[in-house]
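Below, chain A is the first sequence line, B the second, and so on; all start at residue 1.
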2 protein chains.
Amino acid sequence: MERPWDVYAQACPTRMVLDRLADKWSVLILDRLKPGPVRFNGLRRDIEGISQKVLSATLKKLERDGLVAREAFPTVPVTVEYSLTPLGCTLTETVSALAHWAERNMEAVIEAQKAYDAALGEARHGG
Amino acid sequence: MERPWDVYAQACPTRMVLDRLADKWSVLILDRLKPGPVRFNGLRRDIEGISQKVLSATLKKLERDGLVAREAFPTVPVTVEYSLTPLGCTLTETVSALAHWAERNMEAVIEAQKAYDAALGEARHGG
DNA sequence: CAGTATCCTATTAGATACTG
DNA sequence: CAGTATCTAATAGGATACTG
């Protein structure tokens, strides 16, 4: 069963790409992979709060999109390294810009939230 | 009840901001607001596939974050305009970069997906 | 026009246990 | 180590009806 979003994503592929990026975990994984290859459990440790299941699923999507490469080494037990593809590299530059924006403007956003919430409280008491 | 994500978002506010951006609808709304103010039903029409409920909720979040401003005019029936705040404006520049990346690399992503899916099919038949 | 409220289903995500 | 499978709880989102 297709959801409306899927239908529109097909009509406008940009949305499809955006849909992949519009995922907090993807952004975090991409960012974590920037310095170099990382193993599955390394990612799991670094990205606090992500479950094994979601990490696995997200990596698969990123691999399918050609953003992340998976390489398995025939050790015992098996070792698997995830790294950025060239395509993934170009993306992380943009993603970094987003992360930097977040860092720079985090406080402004938090202030805005406080003001908004305070105004709501005012409205409730005063009106 | 707090989900793990919320806990980590509090510890790392960048994640909180990222969490807001990591939403396909937010990106689309921000982008649609770039040229100038748009009314509620205007957004609803322009952003195909979004429901009234989700549009309303997303706009509220964006307003709370100080990214979008809401102005109501005392007409009958009431008219409401949504526009970017200065903070929202700075964000859209970064978001645009992301959209442009998507446009430029859309084909590469689709090719990667095809290759990935084909390889899976091979594996199933051959292995 | 610009929403809110309600109901209900579908998808997601967490916990846990298991495997090569 | 690097996952998959299964079950379940929570949430998001669509459809619809209603309001100032």
Side-chain angles (χ1 to χ4, degrees), chain A residues 1-9 15 19-20 22-29 32-33 37-64 68-83 120 123-124 127, chain B residues 1-9 15 19-20 22-29 32-33 37-64 68-83 120 123-124 127:
Chain A
M1 192 69 81
E2 274 174 338
R3 292 163 303 167
W5 169 262
D6 297 326
V7 176
Y8 294 112
R15 285 201 186 187
D19 197 26
R20 174 64 12 81
D23 169 28
K24 51 194 175 221
W25 298 125
S26 293
V27 172
L28 257 11
I29 291 173
R32 184 64 196 75
L33 253 28
V38 185
R39 294 201 275 162
F40 187 85
N41 281 323
L43 286 170
R44 201 149 108 78
R45 271 187 297 271
D46 291 344
I47 302 172
E48 291 187 87
I50 195 167
S51 71
Q52 204 170 22
K53 181 183 173 180
V54 171
L55 176 58
S56 174
T58 308
L59 283 170
K60 256 185 195 161
K61 284 185 206 166
L62 290 171
E63 194 194 347
R64 192 174 102 99
V68 159
R70 176 187 184 278
E71 189 175 10
F73 301 94
T75 54
V76 179
V78 66
T79 302
V80 178
E81 268 186 11
Y82 290 92
S83 57
L120 269 193
R124 250 196 291 277
Chain B
M1 191 68 81
E2 274 175 337
R3 292 164 302 165
W5 170 264
D6 297 324
V7 176
Y8 294 111
R15 284 200 187 188
D19 196 25
R20 175 64 12 82
D23 169 28
K24 53 194 175 221
W25 298 125
S26 293
V27 172
L28 257 12
I29 291 173
R32 185 62 195 78
L33 252 29
V38 186
R39 294 201 275 162
F40 187 86
N41 281 322
L43 286 170
R44 201 148 108 79
R45 271 187 297 272
D46 291 344
I47 302 171
E48 292 188 87
I50 196 168
S51 72
Q52 205 171 22
K53 182 183 173 179
V54 171
L55 176 58
S56 174
T58 307
L59 282 170
K60 255 185 197 162
K61 285 185 205 167
L62 291 172
E63 195 194 347
R64 192 174 102 99
V68 159
R70 176 187 183 279
E71 189 175 9
F73 301 94
T75 54
V76 180
V78 65
T79 301
V80 178
E81 269 186 11
Y82 289 91
S83 57
L120 270 192
R124 250 196 293 276

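The CD1-C1' distance, from A:I50 to D:dA2, rounds to 14 Å in whole Å. Between B:Q52 atom CD and C:dC1 atom C1' the separation is 10 Å, expressed in whole Å. For the pair B:R45 CZ and C:dA2 C1', the computed distance is 12 Å after rounding to whole Å. Nucleotide D:dG13 holds its P atom 18 Å from the CD atom of B:E48, rounded to whole Å. Distance A:W25 CH2 to C:dA13 C1': 10 Å, rounded to the nearest Å. Atom CD in A:E81 sits roughly 13 Å away from atom C1' in D:dC1 (whole-Å rounding). Between the NZ atom of A:K53 and the C1' atom of C:dT19 there is a distance of 17 Å, rounded to whole Å. Atom CD1 in B:I29 sits roughly 14 Å away from atom P in C:dA2 (whole-Å rounding).
Between A:Y82 and D:dC1 there is no side-chain polar atom (N or O) within less than 4.0 angstrom of OP1 or OP2. Within the 4.0 Å cut-off from OP1 or OP2 of C:dG3, at least one side-chain nitrogen or oxygen of B:R70 is found. A close approach under 4.0 Å does occur between a side-chain nitrogen or oxygen of A:S51 and OP1 or OP2 of C:dG14. Listed pair B:K60 / C:dT4 meets the phosphate criterion, a side-chain N or O lying under 4.0 Å from OP1 or OP2.
If A:V54 and B:A57 are placed on DNA chain C by their nearest nucleotide, the residue sitting closer to the 5' end is B:A57. Toward the 5′ end of DNA chain D lies the nearest nucleotide of A:S56, the other residue of the pair A:S56 and B:V78 mapping further downstream.
Put simply, the side chain of A:Y82 does not reach to within 4.5 Å of the side chain of A:I29, judged on heavy atoms.
Of all heavy-atom pairs between A:R32 and A:V38, the closest is NH1-CG2, 3.8 Å.
A:R39 comes within 4.0 angstrom of the backbone, heavy atoms only, and of no base.
As the counterpart of D:dT16, C:dA5 is assigned, both hydrogen-bonding distances of the Watson-Crick or G-U wobble pattern falling under 3.5 Å.
Taking OG1 from B:T79 and CZ from B:R39, the interatomic distance works out to 5.0 Å, rounded to the nearest 0.5 Å. Taking CG of A:L33 as the start and CG of A:L59 as the end, the distance is 7.5 Å to the nearest 0.5 Å. Distance CH2/B:W25 to CD1/B:I50: 5.0 Å, rounded to 0.5 Å.
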